[in-house]
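Written below as structure tokens is the structure these notes are about.
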There are 2 protein chains.
Amino acid sequence: MVQYKIARLDASFAALSDATRRGVLEQLGRSDASISQLADKFHMTLTGMKKHVGVLEHAGFVTTEKVGRVRTCRLGLRRLEDEAAWIESYRQLWAARFEALDRGVEDLKRREKTSA
Amino acid sequence: MVQYKIARLDASFAALSDATRRGVLEQLGRSDASISQLADKFHMTLTGMKKHVGVLEHAGFVTTEKVGRVRTCRLGLRRLEDEAAWIESYRQLWAARFEALDRGVEDLKRREKTSA
DNA sequence: TAAACACTGAACCATATGGTTCAGTATAAA
DNA sequence: TTTATACTGAACCATATGGTTCAGTGTTTA
């Protein structure tokens with residue numbers, strides 16, 4: 001299997017493991033938004049939302065820019081390439097494994113072992 | 001965007017956010033393994049590995065079966081379909097968004113707003 | 001200038017996570 | 001029958017997470 005940037009995968013899968021953060025990403029896909037707007041939409045305090053945005057920003061999924069007193073959040077440049085690649089790679093591994101199982105190879109091995 | 005099983009996505013992305021657990025999945029893609037073997041390979045106590053396997057099992061990625069004193073771990077039936085689908089859906093959203101940006105639509109809007 | 005707004009940071013809280021050790025239980029091997 | 005193996009569960013630990021409140025700071029608006 002290909003070698004990925006481990007820490008980055010850790011951070012991005014962790015970032016995606018929260019429904020609120022996935023929601024924020026989907027929202028920012030529709031339009032940019034301020035922290036306040038996001039906090040309002042997801043029924044959360046400003047401070048709470050700021051933390052989520054911080055996580056997304058740290059994972060590279062979001063960038064922010066403060067103009068005046070408003071901080072605007074936008075989708076970042078990362079497009080989940082590494083994550084998609086890991087998952088795709090795993091799916092191939094999985095398919096190959098179960099194909100082998102279907103052929104009965106593994107079952108046979110197991111039977112030989114237990115009957116030995 | 002399509003509606004996914006939220007709790008499941010939470011659990012599976014969380015499960016994937018740890019390098020050891022991703023490693024275990026890749027290992028199990030090559031061959032089944034006992035808890036001891038996995039613990040050994042990932043330089044960890046039996047108890048620690050058992051917890052990781054528990055997380056993967058809870059997320060549906062792994063199934064286990066105890067025969068005698070050995071618990072054998074195998075890949076489960078889930079093949080990251082929902083996860084792949086979410087990511088793909090996000091990538092499309094992202095692409096559409098940046099395509100719009102490229103066309104300058106957003107930039108124009110922003111300029112109109114600030115100059116108003 | 002005064003009041004309202006948008007954010008920021010520190011502190012706190014409960015719970016989860018990733019790991020350990022230690023004390024078992026059950027099975028297999030000598 | 002003793003001993004070694006493989007796992008299990010409880011307890012513990014440090015740190016992270018997801019949320020809050022409260023007390024600011026800086027910006028608009030009236």
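Per chain, numbering begins at 1; letters A, B, ... match sequence-line order.
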What does nucleotides 11-24 of chain D look like as a protein-contact string, B for base, S for sugar-phosphate only, - for none, at under 4.0 angstrom between heavy atoms? -------BBBBB--
Would one find a side-chain N or O of Arg71(A) under 4.0 angstrom from OP1 or OP2 of dT8(C)? yes
Using a cut-off of strictly less than 4.0 Å, decide whether Lys50(A) has a side-chain nitrogen or oxygen near OP1 or OP2 of dG9(C). yes
Have [X] and [Y] got a donor and an acceptor in their side chains that come within less than 3.5 Å?
X        : Y        : result
Glu99(B) : Trp94(B) : no
Thr72(A) : Glu65(A) : no
Glu26(A) : Trp86(B) : yes
Glu57(A) : Thr64(A) : yes

Let me spell it out: for each of Lys66(B) and Val67(A), pick the nucleotide of DNA chain D with the closest heavy atom. Which residue's pick is nearer the 5' end? Lys66(B)
Does a side-chain N-to-carboxylate-O contact under 4.0 Å join Asp32(B) and Arg97(A)? yes
Between the CG atom in Leu9(B) and the CG atom in Asp82(B), the distance rounded to the nearest 0.5 Å is 6.0 Å
Length of the CD1-C1' vector between Ile35(B) and dA6(D), whole Å: 10 Å
To the nearest Å, how far apart are Arg69(A) CZ and dA6(C) P? 5 Å
